[in-house]
Amino acid sequence: MIARARTYWTAAVDACGRGAVLRLEVLQVLAGLLEGAVLALVIPLVEVLAGSDDVTIPWIGWHLPAVAAVGLLAGAVALRALVQWGAAVSASDVRLRTTDSLRLSALEGVLRAEWTYVARQRRSDIVQATTTEIERVDSAIALFLHMGVDVLVMVATALVGIAISPLIGCLASLSLLVVVVVGRRSVRRSTELGIEWSERNALFGATVTDSLSSLRLIRAHDAADEWARLLRGAAREGRRVERRYIESTAGLQAAIGMLGVVVALALVLVGRALGLSVAQLITLAVVATRLLTIARSLLQQAQAFAHFSPSLDAVRRISSETREHAEARGAGAGPADAPPPAISLRAVTAGYADPPVLRDLDLDVPAGALVAVVGPSGAGKSTLLDVLLGLLPPSAGAVTADGVEIADRVAWRARLGYVPQQTVLIPGTVRENLTWSAGRPTTDEDLWEALEAACVAHVVRRLPDGLDTVLHDFTQLSGGEQQRLCIARALARRPSVLVLDEATSALDRATERDVVLRLRRSGTTLVMATHREAVVGVSDHVVDLTRRDL
Ligand code: ADP
């Protein structure tokens, strides 16, 4: 628990800076002190209510008229409210900045990590960690900060109790130890259940993601009932963990509530036996009740913190692992508008695991040529493209451009355009869809040129606002039109090498031929993984991955 609290503190300092966290702590200490002051001023208030015209302020020893004492209490209450407001705003600032920083650090890590690492990760784990788990981290930070306030208020209250009657105050403070001892086991159990909850949550996320990405198949095979059963099972497991957590925490809470009343009564009786005044007894009763109320609330928060806090591990795991696998960046971007290079693979072995997908592969792509990569599904076409894209470093052999080995893969990618199998369109305008990956400033002229080369300019001209038409839902465009828009997006980069992965599969033969011929005329070095005869027919070379001894 303490170790976890320290991790949260470090996360807050890393995200907001030591100054912001210290400012919050000063406000919290002030709030605690003012809480004690208000409580101590209850004694003169009771004396005023009992009819005294002059009262003595405890500890300071001031003799004040009744009106001034009431005014002092009102002033302390107002100041406490102001400080509490400042502490609440400051705490919310620290909480939100810490959560955002953790979430963005994980997501940025994913964006900058080696492809070989990212390709192995379950997408749903990343989604769950940066959505559901981070919400729990947010709650844990709120609890952590609030617990700080409660601890200070509790200390201030205990000091007031000790000042009124050292013996009774110490007894009341000792009763808090019982709460700590009894609560320790429950807090540990809450942590275990929190870890289990995160595991269940990851499983539930994976089931939801898989079912959504297989919707067409589920409907086609009429397997909705089976998937609904799987989802219900995963949700039930999550509920079971949550129920166990509530069972283990709620019982203890109820027991401490009862203990509070008994202890407060017992202390007042001891106080009476010791001959304390009515004002002191009332204040003591308030102190004892408050102490146990705060202790109970603190335990509840500690249990909840222990339950939520393991979620930070899921988020941090992504951040730290992605940083460990961060892609090394060389000198930076390669030359813009560089002439199309000749690419060679010499004895390249590459893959995602053992055995490798490509073994001892030799391949020559002459400058400005069109090379078609063919082979049955699973033969390694996409893997070969990943090697050419500099995403998958070969475990043996070399990839060269114009005879020079590609060392800086990030700079190499600045010269490339890529069109994946699945169309990727973002909610936004046509222009935004064309420019987000351009890597350079583009003019309207550049965009129309790219659209013409992808045989989709006439489609965009027909749209109500041309380049500024918002693509809310992509049904405005057919599958083939979307695919050509993706080709135009790659061309907007002015690539000297264009890599296409089954990127013309949704086009009719005539359009496909038209697109490929236009791409050829651009002079770009072209590598296309394809099943289509039309592409193979107009290519300069064909690499057939069916023969694994290539
Ligand atoms: P193709 O594009 O010809 O269909 P791929 O290159 O996609 O073939 O796949 C070749 C082999 O590599 C397959 O056996 C596939 O399971 C494996 N593979 C592809 N991507 C990954 C990955 N990210 N992790 C592990 N194995 C992969």
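Just follow the structure's listing: the first ligand is 1, and inside any ligand the first atom is 1. Remember, it's a predicted structure, so these values are computed and weren't measured experimentally. For the numbers below, each heavy atom of this structure counts, side chains included, while hydrogens, waters and symmetry mates do not. Index from 1, following the sequence.
Remark: ligand 1 and Ala379 share an N or O pair separated by less than 3.5 Å (distance only, no angle test). Between Gln421 and ligand 1, not a single N/O pair is under 3.5 Å apart.
Across every non-hydrogen atom of Ala379 and Val357, the tightest pair is O-CG1, 4.1 Å. When all heavy atoms are compared, the tightest approach of Pro340 to Ala367 is O-CB, 3.4 Å.
Heavy-atom contacts of Ala119 reach the following atoms of ligand 1: 23 (N) (cutoff under 4.0 Å). Counting the atoms of ligand 1 from 1 in the order shown, those under 4.0 Å from a heavy atom of Pro376 are 3 (O). Near Ser377, the atoms of ligand 1 lying under 4.0 angstrom from a non-hydrogen atom of the residue are 4 (O). Listed by atom number, the atoms of ligand 1 under 4.0 Å from Lys381 heavy atoms are 1 (P), 2 (O), 3 (O), 4 (O), 6 (O), 8 (O).
Each of Ile487, Thr504, Val424 was evaluated against Val419; a single residue qualifies, Ile487, per the side-chain contact (heavy atoms from CB on, under 4.5 Å) test.
With Arg95 contributing its side chain and Ala142 its backbone, the two residues share no donor-acceptor pair below 3.5 Å.
Ring geometry, Tyr117 versus His325: the interplanar angle falls under 30°, so the pair is classed parallel (tilted spans 30 to 60°).
The heavy atom nearest to atom 1 (P) of ligand 1, considering only Ala350, Gly378, Ala353, is found in Gly378.
A 4.5 Å side-chain heavy-atom check between Pro341 and Ser496 finds at least one atom pair inside the cut-off.
Applying the 6.0 Å contact sphere to CZ of Arg520 captures more than 12 heavy atoms from other residues, nucleotides or ligands.
Heavy atoms from both the backbone and the side chain of Thr383 come within less than 4.0 Å of ligand 1.
Under the 4.0 angstrom criterion for non-hydrogen atoms, Gly380 is in contact with ligand 1.
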